[in-house]
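Notes follow the structure.
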Amino acid sequence: MLNSPFQLGPVTIPNRVLLSPLAGVSDVPFRRVCQELGAGLGYIEMLSAAGLPYGGRKLDELVARHPEEPLLGVQVTGATPEILKTGIEALHTHPVKMDTLDLNMGCPVKKVVKRGCGSAIVKDPVNAGNLVRAAREATDLPVTTKIRIGYNKLNLTVKEVCSELAKAGTTMLIIHGRVREDSYSDPVQYDQIKAGFDAARHAAGDSNIWMIGNGNIFDLASARRMVAETGCDGVLISRGCLGNPWIFKQVLEDSEVHPNLDEWLDVVMRHIDYHEEFYTEGRYAAIRFRKHLLWYVSGFPGSRALRGEIGNLDRMSQVRDALKAYAATLPSDFPRYGDQNEYKRTHDYDPKFEMDRSHDRGVEYYEDAE
Ligand SMILES: Cc1cc2nc3c(=O)[nH]c(=O)nc-3n(C[C@H](O)[C@H](O)[C@H](O)COP(=O)(O)O)c2cc1C
């Protein structure tokens with residue numbers, strides 16, 4: 001089911017395993033790698049509607065598309081219908097072609113919620129619906145929404161928000177099954193995701209809304225669980241693809257098959273090539289790649305020494321050399337990605353499972369917008 005296409009307005013998405021917008025991560029090179037491994041759709045990271053009219057170099061870097069990128073989604077957040085509309089209109093003066101537009105109503109980052117954006121939006125279901133209406137007026141792209149199930153545990157607004165979003169005409173609803181104050185160690189509330197989907201279906205009447213589940217999808221088993229427990233049409237992969245873009249292939253092919261050493265190295269090297277092509281060789285490119293390298297080798301045998309070295313890699317050529325030298329130490333039959341939660345239990349610290357985004361400084365375009 002997850003490998004069947006679906007339609008967002010005029011746009012055909014080839015499958016239902018989507019790559020999340022990821023601040024500081026879902027750039028052109030990473031999206032290319034994930035789409036080559038099967039991701040049905042890739043997104044630019046969240047942009048601030050309030051900042052969009054000001055443009056700038058950072059925005060040009062973020063709003064970019066490679067000619068071989070099959071589909072591209074953009075994600076915007078704005079506190080009021082007016083700000084959102086102005087922002088989207090400004091975005092459309094940008095030459096890059098986009099295929100779909102998502103409204104972020106889930107970002108927990110302090111400087112974002114402080115301005116009434118991201119997850120602060122789910123506090124007010126009526127405003128959430130009005131934001132969808134404003135976006136639909138400002139763009140011809142299909143408008144979708146990504147929400148959390150509430151702002152805090154005492155006030156789960158998911159049903160009211162989903163109902164308003166459906167009435168306002170969202171074409172796809174992505175629900176991350178946590179509240180804003182949750183950390184990543186808090187469990188995903190599948191029953192609340194399902195309750196949101198049910199409320200949206202009920203409010204939508206005869207029109208179809210695609211329902212996408214999000215949260216803790218790290219492997220085939222957790223993707224299956226999301227589908228089984230929420231009845232979603234598709235899944236959005238977030239931390240699960242950090243250092244593991246093969247997850248798209250595994251979920252799509254419904255198979256536990258993992259890359260062997262050569263295949264693993266081939267993909268990481270390709271990511272490095274794409275990264276260098278986009279950012280060019282230099283310190284900026286190398287620094288941006290460090291986290292990917294950390295994720296690629298996290299939980300791998302003997303990676304501690306390499307992890308210690310990563311902070312000193314200042315050129316892409318050094319990144320390549322360090323990776324090659326490390327790969328040469330791995331046994332060729334080493335299984336790349338098994339149960340990642342198992343890695344978390346049995347190996348040393350894996351940063352991708354513990355990111356605390358409420359203090360995140362990686363929402364790059366928000367910085368510029370202020
Ligand atoms: C580094 C990072 C950056 C993120 N950036 C965005 C973003 O720009 N837009 C968004 O909607 N969600 C963003 N998220 C949240 C994820 O899309 C997702 O909702 C959340 O991580 C829960 O899924 P997971 O448990 O599978 O990681 C980000 C998450 C991480 C870890």
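We count ligands from 1, going down the list as the structure has it; atoms in each ligand are counted the same way. The figures that follow rest on heavy atoms only: side chains count, while hydrogens, waters and symmetry mates do not. Since this is a predicted model, take the numbers as computed values, not measurements.
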As an exercise, identify every atom of ligand 1 less than 4.0 angstrom from a heavy atom of [X].
X: N216; result: 24 (P), 25 (O), 26 (O)
X: S238; result: 16 (C), 17 (O), 18 (C), 21 (O), 23 (O), 24 (P), 26 (O), 27 (O)
X: R239; result: 24 (P), 25 (O), 26 (O), 27 (O), 31 (C)
X: I217; result: 26 (O)

Neighbour count above 12 (heavy atom, 6.0 Å) for K249 NZ: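 Incorrect, the count does not exceed 12.
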Have [X] and [Y] got a donor and an acceptor in their side chains that come within less than 3.5 Å?
X: N216; Y: R178; answer: yes
X: E36; Y: Y274; answer: yes
X: S163; Y: H202; answer: no
X: T144; Y: T171; answer: no

Does ligand 1 have a heavy atom under 4.0 Å from the side chain of [X], from its backbone, from both, or from neither?
X: M46; result: both
X: I237; result: neither
X: Y43; result: neither
X: S20; result: side chain
X: N214; result: side chain

Quick check on [X] - does any of its heavy atoms sit under 4.0 Å from an atom of ligand 1?
X: F218; answer: no
X: R178; answer: yes
X: G215; answer: yes

Nearest-0.5 Å distance that lies between atom OG1 in T280 and atom NE2 in H275: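 Rounded to the nearest 0.5 Å, the OG1-NE2 separation comes out at 9.5 Å.
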Salt bridge D314-R283, side-chain N to carboxylate O under 4.0 Å: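 Salt bridge: yes.
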Ring-face cation of R239 near Y184 (centre distance under 6.0 Å, axis angle within 45°):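 Yes.
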With only distance considered, is [X] within less than 3.5 Å of ligand 1 through an N or O on each side?
X: A23; value: yes
X: V25; value: no
X: K146; value: yes

Sub-6.0 Å ring centroid separation between F197 and W210: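 F197 vs W210: aromatic centres not under 6.0 Å.
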Plane angle bin for H271 and F289 - parallel if under 30°, tilted between 30 and 60°, otherwise perpendicular: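 Ring orientation, 0 to 90° scale: perpendicular.
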From the candidates D182, L19, T77, N104, the one that places a heavy atom nearest atom 10 (C) of ligand 1: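 Nearest option to atom 10 (C) of ligand 1, by heavy atoms: N104.
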